[in-house]
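For reference, the structure is listed below as structure tokens.
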Amino acid sequence: MAGSINISNEHPKVIHTTCAYCGVGCGIKATVTDKELHLVDIEGRKDHPANLGRLCSKGSALGETVSLENRLLTPFIDEQRVGWDKALDEVANRLKATLDEYGPEAVALYGSGQLLTEDYYVANKLMKGFIGTGNMDTNSRLCMASTVAGQKRAFGSDTVPGSYEDLELADMVVLVGANTAWCHPVLFQRIRAAKEQRPEMKVVVIDPRVTDTCDIADLHLPLKSGTDTALFNKLFSYLQKHNKVDTAYVDQHTQGFEEALKAAEKVGDFSAVAELCGVEKTALKQFCQWFADTDKVVTAWSQGVNQSVAGTDKVNAIVNCHLITGRIGKPGTGPLSLTGQPNAMGGREVGGLANQLAAHMEFANAEDIDRVRRFWNAPNIARSPGKTAVDLFNAMDNGEIKFVWIMGTNPVVSMPDANTVISALKKCPTVVVSDCIEKTDTSEFAHIRLPAAGWSEKDGTVTNSERRISRQRALFDLSGESKPDWWIISRVAEKVGFGEAFDYQSSADIFREHAALSAFENNSQGRVRDFNIGAVASISDAEYEALEPFQWPLIKGHKAAQPHTRLFADGGYFTETGRATVVSTEFKVSYHQPNTDYPLLLNTGRVRDHWHTMTRTALSPRLSQHMDEPFVEVHPDDAEKYGLADQALCRLSTAFDSILIRVTVTPSVGKGNVFMPMHWTRQNSKTGHCGVLVKSAVDPWSKQPGCKHTPASIEAVSLQQQAVLLSRQKQCFDRFDYGTEVKFQQGFRYELAGQSIDTTALDIIGSEKERIDYTDPETGSSRSAWFALGQLQALLIVGETLSDSDRSWLQGAFDKEDIPFSERWRLLAGMPPQGEDTGKVICACFGVGEKTICRAIEEEGFSDPAEVGQSLKAGTNCGSCIPEIRKLISQVEDLAINAAS
Ligand SMILES: Nc1nc2c(c(=O)[nH]1)N[C@H]1C(S)=C(S)[C@@H](COP(=O)(O)OP(=O)(O)OC[C@H]3O[C@@H](n4cnc5c(=O)[nH]c(N)nc54)[C@H](O)[C@@H]3O)O[C@H]1N2
Ligand SMILES: Nc1nc2c(c(=O)[nH]1)N[C@H]1C(S)=C(S)[C@@H](COP(=O)(O)OP(=O)(O)OC[C@H]3O[C@@H](n4cnc5c(=O)[nH]c(N)nc54)[C@H](O)[C@@H]3O)O[C@H]1N2
Ligand code: SF4
Ligand SMILES: [Mo]
């Protein structure tokens, strides 16, 4: 069944692996068609329980992102290419020197939920067990820390109680601060399919924005940013008032109910809460009634909950409503945290956060410290938690951290107050960056860059949001000199003098040790821990190779045939008393308030087809077309108030920095809010970086920053000139005031603006003889096109406003081998040849454009996305664009009605 890492040269070769992206953890059937050229066909694995054959647009396009483009293929020291021996010596020597001079607290490692469990385990063991500092934190601090803290407060352990199938078995699914349609698309597809089968199943979306997730919502509560605790406290008191408390469950399995009820009641009556949360009173009542009357409820949440200075309380306010109704651990019920990264869960299992030790053991427990010390035979085990992400970079900025190793994350883009991160990295005497990509915003500050194996080459395990451990397998040999992260860390550890403990030869070696630690003195003496995969602690290399997905816990001696799909239906919590804690939570108005200088609230998040800092998705022209330029969404009333036109450039400012960015006017953001995606970096945009604007205030329990809530202001700007350059070759956009790069099939498009646009220095290959120009005498706008042997090389358009569909057909002109002279004028006149005007890409899977879809709706009278799918295939693969197709149908219908009246 399973694939093999010993890839033979026979083709095609089918390998089962797991998607590189989100925490859904979809199983992939990869058919390698050419190992040398890195060609692979990607399909969803039908027998993987997470996706049952489905994939989303990003997963489907994985094959487009495994080329060697932009890859870091050898180690570098200070921009000098070096061999591994030299690079490892340099890291080890600098590490030793720092330890000798300043001690372990001057050393830090900042990791990522995109590392495999095996990589993460070794990194954590080196830092906490052998170097002897807790200063190993991870980007999960920006992502899941509030859920970890909330679950620990409630359950005594970081346990996700349910499974994905509960989303299908539920009679009501509540999605809080989660744009599931875009960020966990396969789960969204599963919910949609369940609802289609049982239309009585209810979906409630709680999000300040109207997102595509609302496409299947029976009720959307556009609450004021940050007010979730108030809303769930109201629900708590409503449930109690309406006799919906499962008193038997509360009495037997929980503690803290009375205090928590008192705290929840403080929030006031429906009118007060509706006002506070900014939602309609009737809608709020409706939600409470539905929740009260439905036994099978799943509440799933993501970053709208976690990324808040009150994130942990939000998590507990949600969990409380499940605990007091006993709706946990039973089919179709439960609180369900949706994890972001492919291995956010695995990172937590090995102790990747600075306040964790390993295998769900704690610094707070002296027995745990001793247990891990004995198991690792660790000489210098850390005895207290280390610095969490924001503190860690602040400490670096203050000169306390002298050596940092950044692995699998891009903090210059993803950290709040990114300018402080830049300043810290500039000051830090040694910055080591392990990444797959040659140049990232973070690696620009590295003294040593180490080439890591990426998805499609690396080999190990990941855990998804439902505690399911799956294998990621290599599809190709390692590229260039790149090495797996576990190998790099182990070899450095050896050179620092910890050879015996890091003598790993394969990821299987590490997995076995990790599994053994999870079971070590677990359930025999001392306390019982939730994370236990002892059953796989002594598997052979061949068994590891063939390992099929399984859910933890998987305790030795228990039958694998009885998986722990759910926990806690009959209590059994991991607190000292064995009871879950109903945590008192309180809403404070001061959490997320704009102020007079910054009267708006900046919300940040994701778009459908890009992943984080775009190091992978920007390689795919298909994925790059859906949302191609950084933007800030502004409500129409605010746009009017601040004099902002749709698609114009504006200045968006916070107390931290100020940027130039394009405005999208849309009622989908609430009045007083603006929304900006987190993805764009200095590699592809001059100014569209959101991290520099974001406030770094953190939650007191989880230390997770509130990335969704920064007071902001916005103003119109007038730049004299705008230009669009399409070019077969990459160009530099740094000298323009505004510039963004977008990849398309045959080249790059640049959106440029500035007080004056000097394009003379552009590096365009094309014969001047084959150049044609046109200047509009009335407007002064101009177009120039360069050809070489009849093929279009570049096209520069200055001073015109282009539509999305103009851009898409002009990009299409680069596909042609030869453009006859008789056709070239069309490029200057802006007239697409018939049938080539397809519009902006809506369906990324099949590359179907907006205009093509609208024409079909108009001409064929389609009234349902399924009909559009039958005719054009759009929306029939991953389905992520179905909400957009539905919007186009209603737009075309509205136009027809308006035309008729
Ligand atoms: N396409 C895509 N998918 C991804 C990723 C990606 O980069 N791209 N990244 C992955 C990762 S690591 C993560 S963590 C997940 C994140 O997945 P999500 O959390 O679903 O995504 P976000 O867009 O960050 O934020 C979700 C929503 O929270 C809302 N929100 C903001 N403030 C509040 C609030 O106070 N209360 C409530 N209730 N809602 C609020 C925002 O308006 C936003 O729509 O996605 C994963 N999947
Ligand atoms: N404003 C704002 N900021 C946010 C968020 C938000 O919603 N708003 N969301 C936060 C969240 S939830 C998250 S998860 C973070 C994500 O933010 P980051 O972790 O910074 O983003 P990525 O682009 O995923 O960075 C991963 C890096 O690791 C590299 N890489 C990939 N695989 C490997 C590997 O196997 N080994 C090594 N060594 N390198 C590898 C990639 O090339 C890339 O450079 O952003 C956070 N920041
Ligand atoms: S939902 Fe999409 S991105 Fe997430 S794991 Fe599945 S295919 Fe990958
Ligand atoms: Mo995340």
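Both ligands and their constituent atoms are indexed starting at 1 by order of listing. Hydrogens, waters and symmetry mates are skipped; everything else that's a heavy atom, side chains included, is used.
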Below 4.0 Å from any atom of ligand 2, is there a heavy atom belonging to [X]?
| X | value |
| --- | --- |
| S112 | no |
| K708 | yes |
| I437 | yes |

Original post:
Closer than 2.8 Å to atom 8 (Fe) of ligand 3, which protein N, O or S atoms?
Top reply: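 Short answer, with waters excluded from the count: C19 SG.
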
Can you list the atoms of ligand 2 that are under 4.0 Å from a heavy atom of [X]?
| X | answer |
| --- | --- |
| C690 | 1 (N) |
| C143 | 12 (S), 14 (S) |
| Q341 | 14 (S) |
| V694 | 1 (N) |
| A452 | 36 (N), 37 (C), 38 (N) |

Per-residue contact class, [X] against ligand 2 - non-hydrogen pairs under 4.0 Å:
| X | value |
| --- | --- |
| R606 | side chain |
| D119 | neither |
| S414 | both |
| A453 | backbone |
| W455 | neither |
| R616 | neither |

Original post:
Out of M407, Q303, H612, M676, whose heavy atom sits nearest atom 22 (P) of ligand 2?
Top reply: H612

Original post:
Taking atom 36 (N) of ligand 2 as the point of reference, which of T613, L72, D485, T339 owns the nearest heavy atom?
Top reply: D485

[X] bridged to [Y] by N-O distance under 4.0 Å:
| X | Y | value |
| --- | --- | --- |
| K703 | D137 | no |
| R54 | E43 | no |
| R209 | E633 | yes |
| E548 | R45 | yes |

Under 3.5 Å between any N/O of [X] and any N/O of ligand 2: does that happen in this structure?
| X | result |
| --- | --- |
| D435 | yes |
| N410 | yes |
| S434 | yes |
| G408 | yes |

**OP:** Using the six-membered ring wherever Trp is involved, compare the ring planes of Y21 and W611 and label them parallel, tilted or perpendicular (cut-offs 30° and 60°).
**Re:** tilted

**OP:** Could you tell me how the ring of F631 sits relative to the ring of F675: parallel (under 30°), tilted (30 to 60°) or perpendicular (over 60°)?
**Re:**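 If you compare the ring of F631 with that of F675, the planes turn out tilted.
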
Pair [X], [Y]: side-chain N/O donor-acceptor within cut-off below 3.5 Å:
| X | Y | answer |
| --- | --- | --- |
| Q472 | D459 | no |
| S702 | D699 | yes |
| T617 | H610 | yes |

Original post:
Got the closest protein heavy atom to atom 31 (C) of ligand 2, with its distance?
Top reply: C436 SG, 3.9 Å

